[in-house]
Amino acid sequence: MTMSDTRKTLLRGAKVLGGEPRDVLIEGERIAAVGTGLDADGATVIDVAGQILLPGLVDLHTHLREPGREDSETVLTGTRAAAVGGFTAVHAMANTFPVADTAGVVEQVWRLGRESGYCDVQPVGAVTVGLEGKKLAELGAMHDSAAGVRVFSDDGKCVDDAVIMRRALEYVKAFDGVIAQHAQEPRLTEGAQMNEGIVSAELGLGGWPAVAEESIIARDVLLAAHVGSRVHICHLSTAGSVEIVRWAKSKGWNVTAEVTPHHLLLTDELVRSYDPVYKVNPPLRTEADVMALREALADGTIDCVATDHAPHPHEDKDCEWGAAAMGMVGLETALSVVQHTMVDTGLLDWTGVADRMSVRPSAIGRLTGHGRPVAAGEPANLTLLDSAYRGVVNPAGFASRSRNTPYEGRELPGRVTYTFLRGRATVVDGKLA
C-alpha cells in the first residue's frame with residue numbers, strides 16, 4: 001500500500017507553527033488528534049522531528065496559463081509546482097486564452113483543478129470582458145457557477161477607468177466578492193521597462209514610476225470606501241503604496257494587499273545585468289522599497305504573500321531585454337524566500353508565516369477548509385518544512401513547465417518535505433507523490 005492510499009498517518013514530533021514538538025494524527029481527510037506520545041494504532045508513522053508544521057499554504061495570485069498557453073504551464077504542472085512549494089490551494093488568474101470572463105471558462109479551469117488532485121484551484125474571474133477595461137464581465141454568472149468565483153481581477157492590466165472600477169466594486173458587494181487590482185496607471189507606464197530611478201537613468205531604459213502604482217491604489221481605496229466594498233491590491237511594490245494602504249486601514253476601510261516573494265528580496269540593481277529573468281511587472285524596486293515591504297508584511301499592513309507565479313517558455317525570456325516577457329515563476333521557492341527575508345531576519349515567526357501565507361489569503365479569497373488551525377477536527381491540509389535545510393536553487397528540477405526563476409544558483413533556506421491535501425500526501429520527502 002502506498003502512503004497516499006493510507007487513511008491514517010501519524011506525524012511524529014512536528015513543531016506545530018514552530019512551537020514545541022507534537023504528534024499529529026491524520027485520519028481520512030481530517031486531523032484526528034494533536035498531542036504528545038499519540039498511539040500509532042495502525043497508522044503510517046512519519047518521523048518529522050524538528051520540522052515546522054504549517055497549515056497548507058494558499059496563493060491568491062497564480063498564473064496557470066491554461067487554457068491557451070499550455071507551452072508555459074498547465075493546470076496539472078502548475079498544481080504540481082504548487083504542491084512542491086507547500087501550497088494546498090491556488091487562485092488561478094484570468095489572463096488566459098480565452099480570457100476567464102465567463103462561467104464556462106472558469107468552470108473549465110475549476111474542473112481541471114479537481115482532476116489534477118495536487119491542490120485546490122480557485123479560478124479568479126476577469127473584471128472586464130476580454131480584460132479590455134470597457135465593459136463588466138459576467139461577474140454574477142461566474143460567482144453562481146460551479147467554480148463559485150469570489151475574486152475578480154484583470155491582472156496583467158489595470159482597471160484604469162474609475163467608473164468601471166466603481167461599478168465592479170458595487171456589483172460584487174451582493175455576494176461578498178472582492179476586486180483584486182493590478183495598480184498601474186497605463187499612461188504613466190507607456191514603454192516602461194524597469195523601475196524609474198537612478199538605475200533606469202544610467203541604463204537608459206524606460207522607467208515605471210512608483211506614482212503609477214500609488215495613484216491607482218489611492219483612487220481605489222477611496223472608491224472602495226465610497227461604495228462600502230472590498231478591494232485587494234495585487235503585488236504591492238513601493239514604500240508609498242504601503243503608506244496609502246496603512247492610511248486606508250486606519251480609516252477602517254475594507255482594503256487588503258499582497259506582496260510577492262521577489263519584491264521582498266530583489267532590487268532594481270539586478271537589472272544592470274540586462275538578464276530578462278529580472279524583468280517583471282511591477283518591476284523590481286529599490287532597497288528602500290524592499291525594506292518598507294518587509295516591515296509592512298511584519299506589522300500586518302500587507303496582509304499576505306502571493307507568488308504572482310508567471311511561467312514563460314524559454315524563448316520568451318532568453319532574448320534581449322526589450323523583447324522579453326515580464327514575469328517569474330515563484331510557487332516552488334516562495335516559502336524559502338519568506339524564510340530567508342522574514343523569519344531568518346527575525347521579522348516574523350512561524351505563526352506569522354502561517355497567518356500571511358495561509359490564514360489571511362484564505363480569508364480574503366473566502367476559501368473554506370484552508371487556512372485553518374492545526375487542531376483536531378480540522379481538514380488535514382498541511383505543509384511540513386525542513387527549515388534547517390540549505391540548498392542552491394536548480395530550476396532543472398522544478399515541477400513547473402517553465403524555468404524562469406530569478407533565484408537560479410542562489411542558496412536559499414528551507415525545503416518542503418511533505419504536503420497533505422485533505423489527508424492525502426501530494427509531496428513525500430520533497431518529491432511529488
Side-chain angles (χ1 to χ4, degrees), residues 58 60-61 91 124 127 139 143 149-155 158-185 210-260 263-264 282 289 291-306 342 347-349 351-368 370-373:
V58 174
L60 268 176
H61 196 143
H91 291 71
V124 173
V127 177
L139 309 183
H143 173 259
V149 177
R150 300 289 281 276
V151 183
F152 299 87
S153 182
D154 277 2
D155 182 66
C158 179
V159 181
D160 64 315
D161 184 314
V163 174
I164 296 281
M165 187 64 180
R166 175 185 175 164
R167 284 188 190 137
L169 288 164
E170 287 172 336
Y171 198 108
V172 299
K173 269 182 78 174
F175 47 80
D176 189 31
V178 62
I179 304 296
Q181 176 70 292
H182 173 115
Q184 177 184 2
E185 166 49 59
V211 70
E213 174 173 303
E214 294 155 7
S215 58
I216 294 291
I217 295 174
R219 183 200 74 178
D220 287 353
V221 300
L222 290 165
L223 283 173
H226 180 68
V227 303
S229 191
R230 293 202 295 143
V231 69
H232 176 74
I233 308 303
C234 294
H235 44 51
L236 186 133
S237 71
T238 78
S241 296
V242 166
E243 290 307 311
I244 297 163
V245 170
R246 191 173 276 137
W247 170 76
K249 287 190 166 195
S250 76
K251 298 278 201 183
W253 298 345
N254 215 330
V255 175
T256 54
E258 69 191 30
V259 64
T260 71
H263 286 112
L264 291 171
D289 290 312
M291 291 306 155
L293 295 171
R294 290 185 188 182
E295 286 175 19
L297 184 64
D299 71 23
T301 300
I302 296 175
D303 296 84
C304 60
V305 175
M342 301 300 296
L347 288 168
L348 276 183
D349 59 13
T351 302
V353 173
D355 180 69
R356 308 301 194 276
M357 295 189 76
S358 183
V359 179
R360 288 214 218 180
S362 297
I364 293 164
R366 301 297 192 251
L367 280 190
T368 53
H370 294 275
R372 303 292 306 159

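Predicted model, so just to flag it, every value in this text is computed and none were measured. Along the sequence shown, the residues carry numbers beginning at 1.
- Here the CD1 atom belonging to I179 is positioned 11.0 Å from the CD atom belonging to E170, to the nearest 0.5 angstrom.
- Put simply, the side chain of R230 gets close to the backbone of I364: a donor and an acceptor are under 3.5 Å apart.
- Residue V151 comes nearest to A180 through the heavy atom pair CG1-CB, 4.1 Å, listed as atom of the first residue, atom of the second, then distance.
- Proximity of I302 to L293: side-chain heavy atoms (C-beta onward) are separated by under 4.5 Å at one or more points.
- Side-chain N/O atoms of E213 and S241 include a donor and acceptor closer than 3.5 Å.
- Residues V259 and R294 are not in side-chain contact: their nearest non-hydrogen atoms beyond the backbone lie 4.5 Å or more apart.
- Distance check: D220 CG to S215 OG gives 9.5 Å after rounding to the nearest 0.5 Å.
- Across every non-hydrogen atom of A296 and V242, the tightest pair is CB-CG1, 3.6 Å.
- D289 contributes a side-chain N or O that, together with a main-chain N or O of A239, makes up a donor-acceptor pair within less than 3.5 Å.
- Judged by distance alone, the side chains of H235 and D155 do bring a donor and an acceptor atom under 3.5 Å apart.
- In this structure the side chain of I233 never reaches within 4.5 angstrom of the side chain of I244, judged on heavy atoms.
- Rounding to the nearest 0.5 Å gives a distance of 10.0 Å between CG of L223 and CH2 of W253.
- Closest heavy-atom contact between L347 and A298: O-CB, 3.6 Å.
- Within a 6.0 Å radius of CZ in R167, other residues, nucleotides and ligands contribute 12 heavy atoms or fewer.
- Scanning for side-chain hydrogen bond (donor to acceptor under 3.5 Å, both in side chains) contacts around D299 gives R246, T301, with sequence neighbours left out.
- Residue G300 comes nearest to R356 through the heavy atom pair N-NH2, 3.8 Å, listed as atom of the first residue, atom of the second, then distance.
- Side-chain contact annotation: T256 with H232, donor-acceptor N/O pair under 3.5 Å present.
- At least one side-chain heavy atom of R219 sits less than 4.5 Å from a side-chain heavy atom of M165.
- The OG atom of S153 lies 6.5 Å from the NE2 atom of H61; values are rounded to the nearest 0.5 Å.
- Taking 4.5 Å as the limit, every side-chain heavy atom of E243 sits out of range of all side-chain heavy atoms of E214.
- In terms of heavy-atom proximity, L60 sits nearest to C304 at CD1-SG, 3.8 Å.
- Contact record, S229 with V172: OG-CG2, 3.8 Å, taken as the closest heavy-atom pair.
- P282 places a side-chain heavy atom less than 4.5 Å from the side chain of H263.
- Here the side chain of R360 pairs no donor or acceptor atom with the backbone of M357 at under 3.5 angstrom.
- The line from CG of D355 to CG of L348 is 8.5 Å long, rounded to the nearest 0.5 Å.
- Side chain of R150 to backbone of F175: a donor-acceptor contact under 3.5 angstrom is found.
- Looking only at distances, no side-chain donor or acceptor of Q181 sits under 3.5 Å from a matching main-chain atom of I217.
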